[in-house]
Participant: 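Here you go, one structure.
We number each residue from 1, following the sequence as shown.
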Amino acid sequence: MFTQLKDPSVLRRDVLASLVVFLVALPLCVGVAVASGVPAELGLVTGIVGGLVVGALPGSALQVSGPAAGLTVLVYEAVREFGLGALGAIVLISGLLQLVLGALKFGRWFRAISVAVVQGMLAGIGLVLVLGQVYAMADTAQPSGGLGKLAGLPSLAGSIASGGPALTAFLLGAGTVGVLVLWPRLPARVRVVPGPLAAVGLATAASALFGLPVAKVEVQGLLEAVQPPGFGDFTDLAGVAAVGTVLAFTLIASAESLFSAAAVDRMHDGPRTDYDKELMAQGVGNTLCGALGALPMTAVIVRSSANVQAGARTWLSRFLHGLWLLLFAALLPAAIGVIPLAALAGVLVHAGFKLVPARELAPLWREHRGEAVILGITAVAILVTNLFEGVVLGLLLAVCKTAWETSHVHMETRELTGGRLVAAITGNATFLRLPKILERLEGLPKDRPIELDLSGLRHLDHACRVALENWALRHNDAGTEPVRLLRPAPADPSAQPAARPPVTSRA
């Protein structure tokens, strides 16, 4: 673990990379906390735990953990429904579940989640995040629910158009978004400063220089903001809604972390991620964050990619970034209080738009239309209902789509000498294809001998078997030879072929 750090060049790279990650993480930790409706310091607490604790644990060597924009919507709704005290209990239970899942080797199975569902989940989160933070950019309270935010946009536009503080704050937030969009196009020597830090710094300087009447981040102090959950906070989570929220936290935080790990592995040629250990590391981090009453954490692709691109080689860079966050929160807490809320909202509006895979939609529609439909429905469902229900709907659609595509059947009818018809069915016969199969079979003549050959089927479910046997018993007329049914061979390859005589009885 410490072998590489004996090389001075590796040590120097990791220290420099940690400073870059710290500068990227600082405005995002504060912005995510404010957007989630909790004290800004709690975002820093999660970032500190993500660095000092998760950063020192095995799993993925280079990805960075902390509060994520992808969980902002869920945290905001949880705080609004259950209260800030219950947030710690929810995060702690979610962390314990992640530990259990990691111990049971479930980490690798999170990679089996449909990519369309994950993209749809992120797109839905991005849309809700953008809609909510547009109100924050104008220093205006946001309505609850995605539909409420959509319905309130005309009123928001009217407030901005009428001028006054709302227009001033909105222009400051829009300027922050503009800086973030233009920053990657600037010369490399300018881009040494991370875009989010530059955008927030410029907006803060403009606010102070011109004395703009905009709301600032409220500062309590690190120790004052930490409020561990009490026994009553856990008892308040006995309802179905709370259980759903806990499961949503666990599923989304785990999936986002492990998908991020897969993406980070493609960025470097170092050690690959151990998914089960990484899931347990995230569980340790969330358990500790919950005990401190802080925000939930995930591995975050923006900070992780900054870490890799800055030249990090070991775990030390992400560990040190947590140390820098701790020193900043302890020594310079007042610096947070001069940041305009509109600037942080602008950072999150930009992050929300990046969660929507707009460029991938057209190619996905051309090549995999079903996946594009699942993505769109998942995103819209999250927007109009909530995150958990939207993700569950997306997963159900993905399972149904897979079941439909794998249950291919082919039916071929041929005539033998003597007028006998043979209807041979091959493929996977499931209840999803049963209407099509029966429609073809019922179109066969009832006054001729028929043989239904099922021996070529790879799979025949119970519903399909019963329906086909009933059809064979009842199809032919009374004066015609009964339908002969040739059953499929046993599933066990070591078993002998079926020796039972075909069904020739008729009701």
Participant: Is the shortest heavy-atom distance from the side chain of Arg303 to the side chain of Arg318 under 4.5 Å?
Facilitator: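 When only atoms from C-beta onward are counted, Arg318 and Arg303 do not touch, as no gap falls below 4.5 Å.
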
Participant: Measure the spacing between CD of Gln98 and CD1 of Ile93 and express it to the nearest 0.5 Å.
Facilitator: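 Gln98 atom CD to Ile93 atom CD1 measures 12.5 Å (nearest 0.5 Å).
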
Participant: Taking atom types as modelled, find out whether Gln63 and Asn307 have a side-chain donor-acceptor pair closer than 3.5 angstrom.
Facilitator: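 Per modelled atom types, Gln63 and Asn307 side chains form no pair under 3.5 Å.
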
Participant: Tell me whether the count of non-hydrogen atoms from other residues, nucleotides or ligands lying under 6.0 Å of CZ in Arg189 goes above 12.
Facilitator: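 Open.
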
Participant: Side chains of Phe22 and Leu323: does their closest heavy-atom pair fall under 4.5 Å?
Facilitator: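 No - every pair of side-chain heavy atoms lies 4.5 Å or more apart.
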
Participant: So does Val193 get a backbone contact from the side chain of Trp183, meaning a donor-acceptor N/O pair under 3.5 Å?
Facilitator: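 Present.
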
Participant: Can you tell me how far OG of Ser254 sits from CD of Glu278, rounded to the nearest 0.5 angstrom?
Facilitator: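 Interatomic distance, Glu278 CD to Ser254 OG, rounded to 0.5 Å: 10.0 Å.
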
Participant: Rounded to the nearest 0.5 Å, what separation is found between the CG atom of Leu326 and the CD1 atom of Ile48?
Facilitator: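 Rounded to the nearest 0.5 Å, the CG-CD1 separation comes out at 4.5 Å.
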
Participant: To the closest 0.5 Å, what do you measure between OG1 (Thr204) and CD1 (Ile339)?
Facilitator: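 Thr204 OG1 to Ile339 CD1: 5.5 Å, rounded to 0.5 Å.
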
Participant: Applying side chain to side chain donor-acceptor pair (under 3.5 Å), run through Thr314 and Asp14 and close with a yes or a no.
Facilitator: CA-CA 7 Å; Thr314 73; Asp14 279 3; 2.2 Å; yes

Participant: Applying side chain to side chain donor-acceptor pair (under 3.5 Å) to Ser65 and Gln282, what does each step give before you reach the verdict?
Facilitator: CA-CA 8 Å; Ser65 299; Gln282 295 295 324; 2.8 Å; yes

Participant: Would you check if the side chain of Thr140 reaches a backbone N or O of Ala136 as a donor-acceptor pair within less than 3.5 Å?
Facilitator: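 Flag not set: sc Thr140 to bb Ala136 has no pair under 3.5 Å.
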
Participant: Between Pro296 and Thr46, what is the shortest heavy-atom contact and its length?
Facilitator: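 The pair with the smallest heavy-atom distance is O-CG2, 3.7 Å.
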
Participant: Just wondering, are more than 12 heavy atoms of other shown residues or ligands nearer than 6.0 Å to NZ in Lys216?
Facilitator: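 Correct, the count exceeds 12.
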
Participant: Given Leu383, which partner from the list Leu147, Val73, Leu131 fulfils the side chain to side chain contact (heavy atoms under 4.5 Å, CB included) test?
Facilitator: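 The residue from Leu147, Val73, Leu131 that satisfies side chain to side chain contact (heavy atoms under 4.5 Å, CB included) with Leu383 turns out to be Leu131.
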
Participant: Taking side chain as C-beta onward, heavy atoms only, is Leu212 less than 4.5 Å from Pro340?
Facilitator: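 The answer is no, as the side chains (C-beta and beyond) never meet within the 4.5 Å cut-off.
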
Participant: Backbone N or O of Val264 within a donor-acceptor pair of the Ser304 side chain at under 3.5 Å?
Facilitator: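 No; zero donor-acceptor contacts below 3.5 Å.
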
Participant: Counting only heavy atoms not in Lys354, do more than 12 sit closer than 6.0 Å to its NZ atom?
Facilitator: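 No, NZ of Lys354 has 12 or fewer neighbouring heavy atoms, counting only those of other groups under 6.0 Å.
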
Participant: Return the CG to CD distance between Leu292 and Gln227, rounded to the nearest 0.5 Å.
Facilitator: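 Between atom CG of Leu292 and atom CD of Gln227 there are 11.0 Å.
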
